[in-house]
2 protein chains.
Amino acid sequence: MMEKITRDFFLGFIRIHILHHAEKEPIFGQRFSEELGRHGYHISYGTLYPIFHRLEKEGYLVSEKINVGGKIRKYYKITRKGKRMLTEAKQQIRELVDEVLEDSKELK
Amino acid sequence: MMEKITRDFFLGFIRIHILHHAEKEPIFGQRFSEELGRHGYHISYGTLYPIFHRLEKEGYLVSEKINVGGKIRKYYKITRKGKRMLTEAKQQIRELVDEVLEDSKELK
DNA sequence: ATAAGCGATATCGGTATACGATATTGCTTT
DNA sequence: AAAGCAATATCGTATACCGATATCGCTTAT
């Protein structure tokens, strides 16, 4: 089980994580969750779906329902507004993180 | 005002941030808050103090009340357990962050 | 044609966390 | 002894996370 502190970090980072992936290719909830799982992370659908809804409502993502093999997936892709925000957020996060993680670089 | 998404990140990162500083020198709430403020960040005392309490309760920090000019400050320093956790958390966070922020490096 | 199956999304009730505002602590000075 | 002050602590409300459960929409079997 993950340390709570690392988990808090993970959760605070999840929206950025989502936008980052949605910038590369359209994503949908279940697959995104699975991929996190493959990397040892887990997020409840009760958390994940409302986050998608909110990101769409705020204009950072836009969704499209697609029938794949008879099942409906809701694919999300990033909007122009989302890209702008993501770029800016990444810069701010990098500044925040660089100072604190500086001395852990050699431990990689 | 900060973007909500960046704020979520900041909040998820705050415990790491605190431990990081407490590793360098003993810290107390009000000064820590002021220093964040100087860097453009803000955290409510209603959020900050309970975080300190929890980190101490979990054994990552230990506090000592010190009278400075007639005022009581509660200085926190990191414990051995806290150091171990911090080192581990930093590595995990670096892995998480590196993939996502990779392509923002040249924008620094 | 209908109901069972299934991938996927949506939502619910309980619990925890963040916030601004207010109260409290503990010492010093008047 | 009470007023002043830096600093810490806590309160009530709002929001977020969670596991569990419900719902959706299509396909296949009866």
Side-chain angles (χ1 to χ4, degrees), chain A residues 1-18 21-22 25-38 41-58 60-77, chain B residues 1-18 21-22 25-38 41-58 60-77:
Chain A
M1 184 47 188
M2 193 190 298
E3 282 277 6
K4 187 190 174 306
I5 288 187
T6 307
R7 171 121 198 115
D8 286 343
F9 177 86
F10 169 71
L11 281 175
F13 195 52
I14 193 74
R15 286 167 185 77
I16 303 295
H17 206 157
I18 288 170
H21 280 288
E25 62 185 343
I27 59 175
F28 66 100
Q30 193 150 127
R31 170 96 68 247
F32 182 76
S33 172
E34 283 170 17
E35 283 177 12
L36 285 182
R38 242 173 275 130
Y41 296 104
H42 178 259
I43 188 165
S44 164
Y45 288 116
T47 303
L48 185 58
Y49 285 119
I51 288 174
F52 274 120
H53 299 166
R54 197 154 196 284
L55 289 174
E56 178 164 33
K57 193 175 161 200
E58 290 169 342
Y60 302 128
L61 292 179
V62 61
S63 70
E64 186 184 2
K65 289 184 180 176
I66 298 187
N67 181 328
V68 179
K71 303 300 167 342
I72 305 296
R73 294 177 182 171
K74 202 166 165 186
Y75 277 95
Y76 289 89
K77 59 184 181 188
Chain B
M1 183 49 186
M2 194 190 298
E3 281 276 6
K4 186 192 178 302
I5 288 187
T6 307
R7 171 116 199 121
D8 286 343
F9 178 87
F10 170 71
L11 282 175
F13 194 53
I14 192 75
R15 287 166 185 78
I16 303 293
H17 206 157
I18 288 171
H21 279 288
E25 61 185 345
I27 60 176
F28 67 99
Q30 193 149 126
R31 172 95 68 247
F32 182 77
S33 172
E34 282 169 17
E35 283 177 13
L36 284 183
R38 242 174 275 129
Y41 295 105
H42 177 259
I43 188 164
S44 164
Y45 288 116
T47 304
L48 185 59
Y49 285 119
I51 289 175
F52 274 120
H53 300 166
R54 196 154 195 286
L55 288 174
E56 178 163 34
K57 192 175 162 201
E58 291 169 340
Y60 302 128
L61 292 178
V62 60
S63 70
E64 187 184 1
K65 290 183 178 177
I66 296 187
N67 181 328
V68 179
K71 302 299 167 340
I72 304 297
R73 294 177 183 173
K74 202 167 168 185
Y75 277 95
Y76 289 89
K77 60 184 179 189

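In this text, all values refer to a predicted model and were calculated from it rather than measured experimentally. Order of the sequence lines sets the chain letters (A, B, ...), proteins ahead of strands, with each chain counted from 1.
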For a quick test of your reading: what N or O donor-acceptor pairs under 3.5 Å do the side chains of residues 65-74 of chain B make, sequence neighbours left out?
from    : atom 1 : to      : atom 2 : distance (Å)
B:Asn67 : OD1    : B:Gly70 : N      : 2.8
B:Arg73 : NH1    : B:Tyr75 : OH     : 3.0

> What are the residues of residues 65-72 of chain A, sorted by number, that bring a heavy atom to within less than 4.0 Å of DNA chain D?
Replying inline: A:Asn67, A:Gly70, A:Lys71, A:Ile72
>> Just the rounded figure in Å: distance from P of D:dA7 to CZ of B:Phe52.
In response: 13 Å
> For D:dT8, does either OP1 or OP2 sit under 4.0 Å from a side-chain N or O belonging to B:Tyr49?
Replying inline: yes
> Looking at side-chain heavy atoms only, is the closest gap between B:Leu11 and A:Asp8 below 4.5 Å?
Replying inline: no
> Which parts of nucleotides 16-23 of chain C does protein reach within less than 4.0 Å, heavy atoms only, written one letter per nucleotide 5' to 3' as B for base, S for sugar-phosphate only and - for none?
Replying inline: -SSBBB--
>> Under the rule for side-chain hydrogen bond (donor to acceptor under 3.5 Å, both in side chains), what residues qualify as partners of B:Tyr60, not counting sequence neighbours?
In response: A:Glu3
> So do A:His17 and A:Leu36 actually touch side chain to side chain, heavy atoms under 4.5 Å?
Replying inline: yes
> Atom NE2 of A:His53 to atom C1' of C:dT9: distance rounded to whole Å?
Replying inline: 7 Å
> Separation of B:Phe32 atom CZ from D:dA9 atom C1', in whole Å?
Replying inline: 18 Å
> In whole Å, what is the span from the CD atom of B:Gln30 to the P atom of C:dT25?
Replying inline: 18 Å
>> Rounded to whole Å, how long is the line connecting atom CE of A:Met2 with atom C1' of D:dC17?
In response: 14 Å
> So does A:Lys74 get a side-chain nitrogen or oxygen closer than 4.0 Å to the phosphate oxygens (OP1/OP2) of D:dC24?
Replying inline: no
>> Could you work out how much the helix from C:dA1-D:dT30 to C:dT30-D:dA1 bends, comparing the axis of its first five pairs with that of its last five, to 10°?
In response: 30°
Which pairs of donor and acceptor atoms, one on a side chain in residues 45-58 of chain A, lie under 3.5 Å apart (sequence neighbours left out)?
from    : atom 1 : to      : atom 2 : distance (Å)
A:Arg54 : NH1    : A:Glu58 : OE2    : 2.7
A:Glu56 : OE1    : A:Ser63 : OG     : 3.2
A:Glu56 : OE2    : A:Ser63 : N      : 2.9
A:Glu56 : OE2    : A:Ser63 : OG     : 2.9

> Base, sugar-phosphate alone, or nothing: which one does A:Phe28 contact when heavy atoms must sit under 4.0 Å apart?
Replying inline: sugar-phosphate
